[in-house]
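Here the structure comes first, spelled out in structure tokens, and everything after it is commentary.
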Amino acid sequence: AAAAALAPDDPVEQLKRLLHLYGPTGQAVGWRVWIDAWALAQREPHIRKVLRKLDDRWEVALRQVVEDGVATGDVACADPAGTVRRVAAMLDGLSVATLVYKTVTRAQLREWVAGHVAHELAVAGDEAMPINGHPLLLELALRNLIENAIGHTARGTRVEVQVDAT
């Protein structure tokens, strides 16, 4: 799953990186398409079904990282499913406010999500992870890689993408 997309051993780092990957970055083309699809899903059952399936995959991946963190003692969480839904809803709402209404800056989005996650899971807030490259192309490449990994493996299979500093 996408959650395993990151550092294989440290659930807190996996969580930080996964949340950074999920949030709007660069030109946020994927997020703009996603927002358009949300509007269309109100009238189109097929689109709604596809979006629900993608949301479910995202939540499963995020919940797995949270559960791994609980198992290792790195995070404290009595209700991983509820926590994941709250974090995802907050990220979705703040992303819309950032991209559509422009009432929230990306810095505020990152800060508020990190604070909420820290509150929900008793983890330290998010720190920036510098990556050199074209933000849009990196976002598209990572999303494509993870979506393909999710789409072409059996449900529940752990998929890992390792990012190494050089």
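The CD atom of Glu147 sits 9.0 Å away from atom CZ of Arg57, with the distance rounded to the nearest 0.5 Å. We find the CH2-OG1 distance between Trp112 and Thr105 to be 7.0 Å, quoted to the nearest 0.5 Å. The NE2 atom of His116 sits 4.0 Å away from atom CD of Glu120, with the distance rounded to the nearest 0.5 Å. Taken to the nearest 0.5 Å, the CZ atom of Arg110 stands 14.5 Å off from the NZ atom of Lys16. Atom CG of Leu18 and atom CD1 of Ile146 lie 7.0 Å apart (nearest 0.5 Å). Note that OG1 of Thr103 is 8.5 Å distant from CD of Gln108, once rounded to the nearest 0.5 Å.
The shortest side-chain heavy-atom distance between Val75 and Pro11 does not fall under the 4.5 Å cut-off. Counting heavy atoms from C-beta outward, Asp92 and Tyr22 have side chains that approach closer than 4.5 Å. Looking only at side-chain heavy atoms (C-beta outward), Trp31 and Thr98 stay at 4.5 Å or farther from each other. Side chains of Leu109 and Pro24 form a contact here, defined as non-hydrogen atoms less than 4.5 Å apart. Val87 places a side-chain heavy atom less than 4.5 Å from the side chain of Leu19.
Side-chain atoms of Asp68 and Gln64 include a donor-acceptor pair closer than 3.5 Å.
Salt bridge present: Glu67 and Arg63 bring a charged side-chain N and a carboxylate O closer than 4.0 Å. Here Asp56 pairs with Arg52 in a salt bridge; the nearest charged N to carboxylate O distance falls below 4.0 Å.
Within the 3.5 Å criterion, the main-chain N or O of Ala39 finds no donor-acceptor partner in the side chain of Gln42.
Looking at Val65, Val60, Val66 one by one, the single match for side-chain contact (heavy atoms from CB on, under 4.5 Å) with Val84 turns out to be Val66.
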CA sep, side-chain torsions, deciding dist, call: Val96, Trp34, side-chain contact (heavy atoms from CB on, under 4.5 Å) | CA-CA 10 Å; Val96 170; Trp34 190 250; over 6 Å; no

Take Lys53 and Lys49 through the test side-chain contact (heavy atoms from CB on, under 4.5 Å) and record every step on the way to the result.
-> CA-CA 6 Å; Lys53 186 176 181 181; Lys49 182 178 177 182; 5.8 Å; no

Worked verdict on Leu15 versus Asp74 for side-chain contact (heavy atoms from CB on, under 4.5 Å) | CA-CA 11 Å; Leu15 181 64; Asp74 291 318; over 6 Å; no

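In this structure, Ile47 and Ala37 approach most closely via the heavy-atom pair CG2-O, 3.7 Å.
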